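Sharing a structure with you now.
Worth saying up front: this structure is predicted, and the values here are computed from it rather than measured. Sequence lines set the chain letters: A, B, ... in the order given, protein chains first and strands last, and positions in each chain run from 1.
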2 protein chains.
Amino acid sequence: MIGPVQNVKVGQIFTSRRALHDENVHRGLMRGIAPQGSSIVLSGGYIDDIDEGELIIYTGEGGRDPETGRQRTDQTLTGGNAALAKNYVEGNPVRVNRGGNLDSKFAPDSGYRYDGLYMIDSYWSKKGRDGFAIWRYRLVRLEGQPPLGQVEDEGDQEDIGVSSFGTVTPARSNVTTSRVIRNSAVGNKVKQIYDYKCQICGISLETPAGPYAECCHIRPLGKPHNGPDTLDNVLCLCPNHHVLFDSHAIHLSDEFYVVETGEEIRIEREHNLNAEHIQYHRNLVSVKT
Amino acid sequence: MIGPVQNVKVGQIFTSRRALHDENVHRGLMRGIAPQGSSIVLSGGYIDDIDEGELIIYTGEGGRDPETGRQRTDQTLTGGNAALAKNYVEGNPVRVNRGGNLDSKFAPDSGYRYDGLYMIDSYWSKKGRDGFAIWRYRLVRLEGQPPLGQVEDEGDQEDIGVSSFGTVTPARSNVTTSRVIRNSAVGNKVKQIYDYKCQICGISLETPAGPYAECCHIRPLGKPHNGPDTLDNVLCLCPNHHVLFDSHAIHLSDEFYVVETGEEIRIEREHNLNAEHIQYHRNLVSVKT
């Protein structure tokens, strides 16, 4: 069951994993990722987790030594890890719970706290602190929920979702999440260079108000990637190729062709791409297909 | 000049249109829409304007009797109207100014107030109160700006932009705007019905975590359209066709083909589209091309 749970409030405390399970907040008594990736528990088991409250970098499951808690093999994109990745692609929200044993200032004093809905903003793999590949998920808390640690009022329950445009106030049973397409001065510049044509397929979407293209950041913006909003880190793509690039269906080679298809991409002389950013993107998700 | 203006603060008051012009906040002394659509002035000239503060429904220019202020001919998608439409497509922010003579609780007591950056969320044409076609623009205020009527601090100046994901804090000179792709339970349903294939072109975007498609609302969500988030009001589209549909490059006929191209769209038996919503979308923007 994706989304909010009947009769459970954001901020509510549960005494044990058993209680979380029985109330359908997080099914299962041991694993951090519930079936379908509908919920997770942050309990401090993974040394690579980062908890900034509204923003979480969460480590996938598997590959750990049950005795020491250290990674001893690579994590794979299967089970709960694949389920979370699917929720990224589908835009499904994830229920987040924090345990009292979590080493974070956002942890509850004891027991487990249901902290409401987050959406998965991106996911990638990298070498963890123990030297093995881990999967990571960037979770961002949805707006319209009470501040972390505060229990929601009855009145809050109609308001969950991303409502950054001030108008979508979905009912509690119908949470809305969003993918955000950013634009900026650099975006306008790269679109002008390519005359709004996709650098991969050459398509330009004609609308009554002019052509449309998207600015795609190669090394992602924001923590933890901190890619720059600069011309050497962006591509002019059609929305379809933007999705394929962001979701790691396609990558660029150092010679500027699409690794997965062999297509050459168009590069204008005035557009100097940074090879390090291209490598960074390529190294985020290398899945054998 | 798109975006913020050097040495001008959000919330700053100007005594006259001349002062707004001289400070480059709104170029021109008469027109409501500046060149390039980089700024607008709300001064109560158009009876169809709606001002809810963070949300504005703005009427385009032209067709008014200068004596009475009433519409006497249709407005056309040219001049300032075309410039605002282009800013919608390109994701450029618009500087909004309110005049003291505006009939709104958000108007300043006197003179003109620069109220910061808004983005154009959608645009459409409709018959105005005087019976002639007008162009309308839905403007939503960017986050990270001081509350309306409050003058920004020096410290605020690094923070303008849509930052709903808590991580993009673009410098003042590099404002970021966003297009939001929404998902919900209804969206998941329609994608499942079509197996993530676009109802228009049949494409399914394959990613390492599964196929990707978008849920497109036919009658738009939110004020003033108030389309429902229901299965009879959504389509399963690839991102490219979603952009074309939202930007009114394409419309559906009552017989479910694409008016502009003649393509038949795929409709499954369990997917009953509401003809009124299709007509509503078709009537939003009917541009002769």
Side-chain angles (χ1 to χ4, degrees), chain A residues 2-3 52 54-55 77 82 85-86 88-92 121 123 140-141 143 161-162 164-168 170 173-188 191 203 205-212 214 221-223 229 238-240 242-244 247-249 285 287 289, chain B residues 2-3 54-55 77 82 84-86 88-92 121 123 140-141 143 161-162 164-168 170 173-188 191 203 205-212 214 221-223 229 238-240 242-244 247-249 285 287 289:
Chain A
I2 296 282
E52 297 194 353
E54 305 280 323
L55 172 69
L77 196 58
K86 188 160 187 283
Y88 155 71
V89 174
E90 303 209 347
N92 291 325
D121 187 49
Y123 78 103
V140 181
R141 197 161 186 252
E143 295 182 7
V162 165
S164 61
F165 279 27
T167 55
V168 180
S173 56
N174 199 7
V175 173
T176 304
T177 62
S178 313
R179 196 170 85 89
V180 174
I181 314 299
R182 295 202 171 80
N183 192 39
S184 65
V186 165
N188 285 337
K191 293 178 207 170
I203 240 180
L205 299 182
E206 298 298 332
T207 88
Y212 177 87
E214 291 180 359
L221 298 170
K223 285 185 189 175
D229 189 28
C238 71
N240 282 1
H242 192 178
V243 165
L244 291 173
S247 69
H248 294 282
V285 178
V287 180
T289 49
Chain B
I2 296 282
E54 305 279 323
L55 173 69
L77 197 59
L84 289 181
K86 188 160 188 282
Y88 155 71
V89 174
E90 303 209 348
N92 292 326
D121 187 50
Y123 78 103
V140 181
R141 197 160 186 253
E143 294 181 8
V162 166
S164 62
F165 278 26
T167 55
V168 180
S173 57
N174 199 7
V175 173
T176 302
T177 62
S178 313
R179 196 170 85 88
V180 174
I181 314 298
R182 296 202 169 80
N183 193 40
S184 65
V186 165
N188 284 338
K191 293 177 208 172
I203 238 181
L205 299 182
E206 298 299 332
T207 87
Y212 177 87
E214 290 180 359
L221 297 171
K223 285 184 188 173
D229 190 28
C238 72
N240 282 1
H242 193 180
V243 165
L244 292 173
S247 68
H248 295 282
V285 178
V287 180
T289 48

Heavy-atom contact with chain B under 4.5 Å, split by part of A:E52: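 Contact with chain B involves no heavy atom of A:E52 at all.
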
Heavy-atom pairs under 4.5 Å with chain B, option from A:A249, A:A209, A:A82, A:P211 with the top count: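 When all of A:A249, A:A209, A:A82, A:P211 are compared, A:A209 has the most.
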
Residue B:N240 versus chain A: region with a heavy atom under 4.5 Å: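 Both backbone and side chain of B:N240 come within 4.5 Å of chain A.
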
Partner chain A: residue of B:L84, B:N92, B:I203, B:I2 with the largest heavy-atom pair count (under 4.5 Å):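 Of the options given, most contacts go to B:N92.
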
Contact summary for A:V89 and B:G210, nearest pair of heavy atoms: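 Looking at all heavy atoms of both residues, the closest pair is CG1-O, 4.0 Å.
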
Beyond-backbone contact of B:T207 with A:H248, side-chain heavy atoms, under 4.5 angstrom: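 They are not in side-chain contact.
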
Spacing of A:E143 atom CD and B:E143 atom CD [to the nearest 0.5 Å]: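 Going from the CD atom of A:E143 to the CD atom of B:E143 covers 5.5 Å.
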
Under 4.5 Å from a heavy atom of chain A, the part of B:V243 involved: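 The answer is the side chain of B:V243.
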
Contact class of B:E206 relative to chain A, heavy atoms under 4.5 angstrom: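 It is the backbone, since no side chain atom gets that close.
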
